[in-house]
Amino acid sequence: KLAEEFFILGLTSDGRQFRPSDWADRLCGVMSCFRPEGTGGRNAHLQFSPYVRPTMLNGVKAVVVNNELQKIEPLAYHFVRNFAKDNDLQVVDACFLPLPGDPKP
């Protein structure tokens, strides 16, 4: 089964930090118009898309991409995937690990 999300890490395949430092915000800004039908409203352009959002992962800038983007806008999904590939960035499938003490799903 395909993971619900994947991370694009701000690290190249050889572990170098990707530049410019605001790359994640820029990428997410370009993708901000892609959102679920009926959401966003008048100020939607001021918010990141729930499908492509910046985050930090172990101190590394990253972008979380929801695979639902592929269903609603395949070209946008391929743009994000190709951005990672063209810039030699590490891509990691997200998986949900239960916290210690949490009941099993």
Side-chain angles (χ1 to χ4, degrees):
K1 181 184 178 230
L2 189 64
E4 290 181 23
E5 297 178 324
F6 63 91
F7 297 100
I8 300 172
L9 302 179
L11 296 173
T12 60
S13 62
D14 63 1
R16 286 181 294 119
Q17 189 168 352
F18 183 62
R19 299 280 180 213
S21 60
D22 64 346
W23 73 270
D25 293 330
R26 288 183 188 198
L27 178 60
C28 293
V30 168
M31 304 303 291
S32 65
C33 61
F34 300 104
R35 53 186 60 253
E37 192 71 32
T39 64
R42 202 170 53 178
N43 293 321
H45 63 285
L46 300 176
Q47 303 166 1
F48 291 125
S49 167
Y51 297 121
V52 185
R53 60 196 193 283
T55 191
M56 292 290 285
L57 196 62
N58 295 330
V60 175
K61 288 192 180 191
V63 170
V64 183
V65 180
N66 188 306
N67 283 308
E68 283 294 309
L69 181 63
Q70 186 173 22
K71 292 178 188 170
I72 66 158
E73 187 50 66
L75 291 177
Y77 179 84
H78 290 293
F79 174 82
V80 173
R81 280 281 188 182
N82 287 331
F83 176 87
K85 182 180 174 188
D86 293 347
N87 290 291
D88 193 30
L89 298 177
Q90 297 179 27
V91 175
V92 180
D93 283 331
C95 63
F96 296 99
L97 299 175
L99 294 172
D102 278 359
K104 295 190 185 244

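What you are looking at is a predicted structure, and each value in this text was computed from that prediction instead of being measured. Computation of the quantities below employed the complete heavy-atom set of this structure, encompassing side-chain atoms and omitting hydrogens, waters and symmetry-equivalent molecules.
With rounding to the nearest 0.5 Å, the separation of CG in N82 from CG in N87 is 10.5 Å. Within the model, atoms CG of N67 and OH of Y51 stand 11.5 Å from one another, a figure rounded to the nearest 0.5 Å. The distance from the CZ atom of F7 to the CG atom of L89 is 15.0 Å, given to the nearest 0.5 Å. Atom NE2 of residue H78 and atom CD of residue Q70 lie 5.5 Å apart, to the nearest 0.5 angstrom. Atom CD of E73 and atom SG of C33 lie 8.5 Å apart (nearest 0.5 Å). Between F34 atom CZ and L75 atom CG the span is 8.0 Å, to the nearest 0.5 Å.
Minimum interatomic distance between G29 and S32 (heavy atoms only, all atoms of both residues): O-OG, 2.9 Å. Residues F6 and V91 come closest through the heavy atom pair CD1-CG1, 3.6 Å. When all heavy atoms of L9 and A62 are compared, the pair lying nearest together is CD2-CB, 3.9 Å. Considering every non-hydrogen atom in both A24 and P54, the closest pair reads CB-CB, 4.2 Å.
Judged purely by atom type and a 3.5 angstrom limit, Q90 uses its side chain to pair as donor or acceptor with the backbone of T12.
For the pair F48 and D25, the minimum side-chain heavy-atom distance is below 4.5 Å. Looking at heavy atoms from C-beta onward, V65 lies out of side-chain contact with R81 at the 4.5 angstrom threshold. Taking 4.5 Å as the limit, every side-chain heavy atom of F18 sits out of range of all side-chain heavy atoms of K61. P50 is not listed as a side-chain neighbour of N66, based on a closest heavy-atom distance of 4.5 Å or more.
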Practice item. Take D88 and S13 through the test side chain to side chain donor-acceptor pair (under 3.5 Å) and record every step on the way to the result. Key: CA-CA 6 Å; D88 193 30; S13 62; 2.7 Å; yes

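Judged as a ring pair (Phe, Tyr, Trp, His ring centres under 6.0 Å), and not counting sequence neighbours, F83 has no contacts.
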